[in-house]
Structure formats: C-alpha cells, structure tokens
There are 2 protein chains.
Amino acid sequence: MTGFYGQYQTTLDDKGRFALPAKLRHVTSPDGAPILDGTIILNRGLEGCLSIYPENEWSAIQNRLSSLDFTNQDFRYFSRRFYSGVSPVTPDKNGRVLVPQHLIAEADLKKELLILGVNRWIEVWNPDRYNYYVQQYRGTYEEVAGRLFTGKHDEPAE
Amino acid sequence: MTGFYGQYQTTLDDKGRFALPAKLRHVTSPDGAPILDGTIILNRGLEGCLSIYPENEWSAIQNRLSSLDFTNQDFRYFSRRFYSGVSPVTPDKNGRVLVPQHLIAEADLKKELLILGVNRWIEVWNPDRYNYYVQQYRGTYEEVAGRLFTGKHDEPAE
DNA sequence: CCACTTTCACCCACGTCTACCCAGAAATCG
DNA sequence: CGATTTCTGGGTAGACGTGGGTGAAAGTGG
C-alpha cells in the first residue's frame, strides 16, 4: 500500500520552515524505497493551497503539460502561473523544508499549518482557508461521492 | 460464510484506542485466513461514521478512484476529503487500534462506541449519532427495503 | 573589485509524544 | 468451576517536532 494519506497539523517557524510529518516522510514506493528522499517539488496548488510532489510524479505532470500547445493562450497563462510557483526543496536532517516567501503569501500561511496526504501528492493549507473551502463546496462529501461514482460529475457550479 | 456482521459496543480509552471485537477479528476469508490480520484501513466514512476496510477491499476502492482525473474539481474535493481521512493501522498485541485525533473529532466519538459489521467493511459510530441517523432516515426499514427491491431507489429526499 | 549585510543550509539540544510492551481484571467457554 | 481468551489500564524507551546557533554563500552598495 503506497501513497500519501492522513491529515496532520504542524507549524511554520520564524524562518519559514515546517516539518513534513514523519508518517508522510516514511511512505515508500512498492519497492520499499522512501518516496520523499532527496529533492521534492513544492508548488502553488489549486484552490489556494501549496502542493508537494515527489520527483517522479512531477516528471509525469511535466510530460503531460509538454504535449500541450503554446499557441493556446490558456496554456501560456497556466504555464506562467504553474512553473513560476515551483520550488524544488530538500528536507533538512529533521525533515523540514523551507517555503519561499511568495508562496507563504499566496497560500496565506500563518503559524498553524494543515498538511493533507492526497494519494499521489501532499497539500499544505492555511487551516481556515481549508475549512472554508470544505464548507462552501457545492454539495456535501456524500453528494460529491455520489456525483463522482454515478458519472454525473464536473458540471460547472452554476 | 464470510463478511462482517453484528453490532458491538466498546470503549475508546484516554489514548484514543479501542479494541476491535474478537468476533470481528476472527472473521476469515473463504480460504480460512483472518481478514483483519496485519494492516487495516481506517477512514472517514459517510454520514458521520468511521469505516474500516481490510487491505484488499481498500485496494479495490483505490483502483476505482485511480481512473479519475485531477482536472475534475469534484475529484479534487473528494480526494482531499477521502485520502486525508485515511489512516492505515495495525492492531496492537491486544487487538486495539489507535484513532487519529481529527477522526475522533469528526465522528464525534466519546467514550462509548458502537461497532457495526456491514459485510465488506466495519463501521464505528457515536451511538447517539447512529440512533439519530436511523431515526431521521426517510422511511422505515420496511419502506426502504421496498424501494430498494422494486428499483425505485436513491431519489433525492425532497 | 572589495567589504558589508543578509540569507540559508547544516547541526545540536531539549521537551513531548507515541508505539510498544507488560500485567491485572473481566468475561467466556468447556 | 477452572482454564483460557478478551478487554482495559498504564509504564517506558525511543522517535519526533521545535527552537535556536553558526559558518558559508549569495546578494548589495560603494
């Protein structure tokens, strides 16, 4: 069983670092090697969070993007926003990573952080922002599950 | 005959642990091996309970999810809520599992717990919440049975 | 091109928490 | 009624999270 799971709270210190929860650091790929060893990719995420990908997942996303067409203006917009947020980081001896100041600002991170394991990647949230996201989302957890699994998914909200 | 059945009450101790009832621990797959041996998957369930899957059942769910795509906003919402609730646990020597604090809070678990065997999985409820769920559900047990087996099921409540 | 300032990577140290283990109490079964 | 299993409480060693200090490197201004 592999992938990132669970929900953790931790703190951002004065230097802009936070500790990746040990449970996430110890997640291994099927062959038993720790996934988060070495360099990982920190990036601006969707809905106002930060996302963290292991390096191989990052390559997969990059491949997907590179197949798109630069004459498309949505592609250019997305690329600008996407790549400019990228920050490769290596955890220190205590498993902490340093978050660039502009990402702290964009994700509105304060001292208290909420870390989510979301299978292939990890997300970092301002807890208030996450609660608001959950609370205002169209439909409850049960309803969304229903939409997803009955195939009636992803109509625009309005 | 295999699968999880029955209803049990147990207690959550000060450390956030509870004992899986022995009757459930001893349920075996058709080949005679105990299903709950080793790692089991504790997760946020629907309608405000916690759910417990054996590992193979969990893989089946994950496979179903993996066909979906992160560009779908319902998928992102569901993934966040779903995976963040997951906690793989291994029962200790005495058959107890530790419940993460945020799941205790979300399921509103107090000292008294209600454990339900629901065939492929197990559920953990705050007894009051379960009683309320049963009592407020649209239609009685008999009516729901009728709807289900005549095919007129899952219309919205109103 | 040099000197000063700031930033960051690396390391150490300490308080807290938790995974693991042991043991006694209660319940169940023959 | 005795033996065995199940349940519950608690102690302890080691892991984990957090704060901070220091030297090297990068950035800035003269």
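Only heavy atoms go into these numbers, but all of them, side chains included; no hydrogens, no water, no symmetry mates. Every chain is numbered from 1 and lettered A, B, ... according to where its sequence line falls, protein lines coming before strand lines.
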Other residues, nucleotides, ligands: >12 heavy atoms within 6.0 Å of B/Q136 CD: yes

Nucleotide nearest B/R25 (side chain, heavy atoms from C-beta), chosen from D/dC7, C/dC8, D/dG17: D/dC7

Residue B/R17, side-chain atoms from C-beta onward, closest of C/dC12, D/dT8, C/dC21: C/dC21

Salt bridge (charged side-chain N to carboxylate O under 4.0 Å, His left out) against B/D128, all qualifying residues, sequence neighbours excluded: none

Any residue meeting salt bridge (charged side-chain N to carboxylate O under 4.0 Å, His left out) with A/K110, in chain and number order, not counting sequence neighbours: A/D108

Shared hydrophobic cluster for B/I41 and B/L46 (ILVMFWY, side-chain gaps under 4.5 Å): yes

Ring center gap for A/F82 and A/W58 short of 6.0 angstrom: yes

Ring centres under 6.0 angstrom apart (A/F70, A/F75): no

To the nearest Å, give me how far apart [atom1] ([X]) and [atom2] ([N]) are.
X	N	atom1	atom2	result
B/Q9	D/dC7	CD	P	12 Å
B/K93	D/dC7	NZ	P	16 Å
B/D14	D/dG11	CG	P	12 Å
B/F18	D/dG9	CZ	P	15 Å
B/D13	D/dG11	CG	P	13 Å
B/D92	C/dA19	CG	P	11 Å
A/K23	D/dG17	NZ	C1'	13 Å
A/L20	D/dT18	CG	P	11 Å

Sugar-phosphate, base or nothing in reach of B/L12, heavy atoms under 4.0 Å: nothing

Sugar-phosphate, base or nothing in reach of A/T90, heavy atoms under 4.0 Å: nothing

A/T10 side chain near D/dG17 phosphate (N/O to OP1/OP2, under 4.0 Å): no

B/T11 vs D/dT8: side-chain N/O to OP1/OP2 distance below 4.0 Å: yes

Who passes side chain to side chain contact (heavy atoms under 4.5 Å, CB included) against [X], sequence neighbours left out?
X	answer
A/Q9	A/E112
B/I104	B/L12, B/V99, B/Q101, B/L109
A/S84	A/R44
A/P34	A/D37

Under 3.5 Å between N/O atoms: give me all the protein pairs with nucleotides 12-15 of chain D, atom names plus distance.
none

Heavy-atom pair with the smallest gap, counting every atom of A/G139 and B/Y77: O-OH, 4.3 Å

Residues touching DNA chain C, which here means a heavy atom under 4.0 Å, drawn from residues 100-117 of chain B: none

Test item: side-chain donor near acceptor, A/Y133 and B/R80, under 3.5 Å: yes

Bending between helix ends of the helix from C/dC1-D/dG30 to C/dG30-D/dC1 [5 pairs per end, 10° resolution]: 40°

Can you give me every donor-acceptor pair (side chain of residues 17-25 of chain A, partner residue at least two apart or in another chain, under 3.5 Å) with its distance?
from	atom 1	to	atom 2	distance (Å)
A/R17	NE	A/D13	OD2	2.8
A/R17	NH2	A/D13	OD2	2.9
A/R25	NH1	A/L20	O	2.7

Between the protein and nucleotides 23-26 of chain C, list the N/O to N/O atom pairs that are separated by less than 3.5 angstrom.
from	atom 1	to	atom 2	distance (Å)
C/dA23	N6	B/N94	ND2	3.4

Residue pairs fulfilling salt bridge (Lys or Arg N to Asp or Glu O under 4.0 Å) with at least one residue in residues 63-79 of chain A, sequence neighbours excluded: A/R64-B/D69

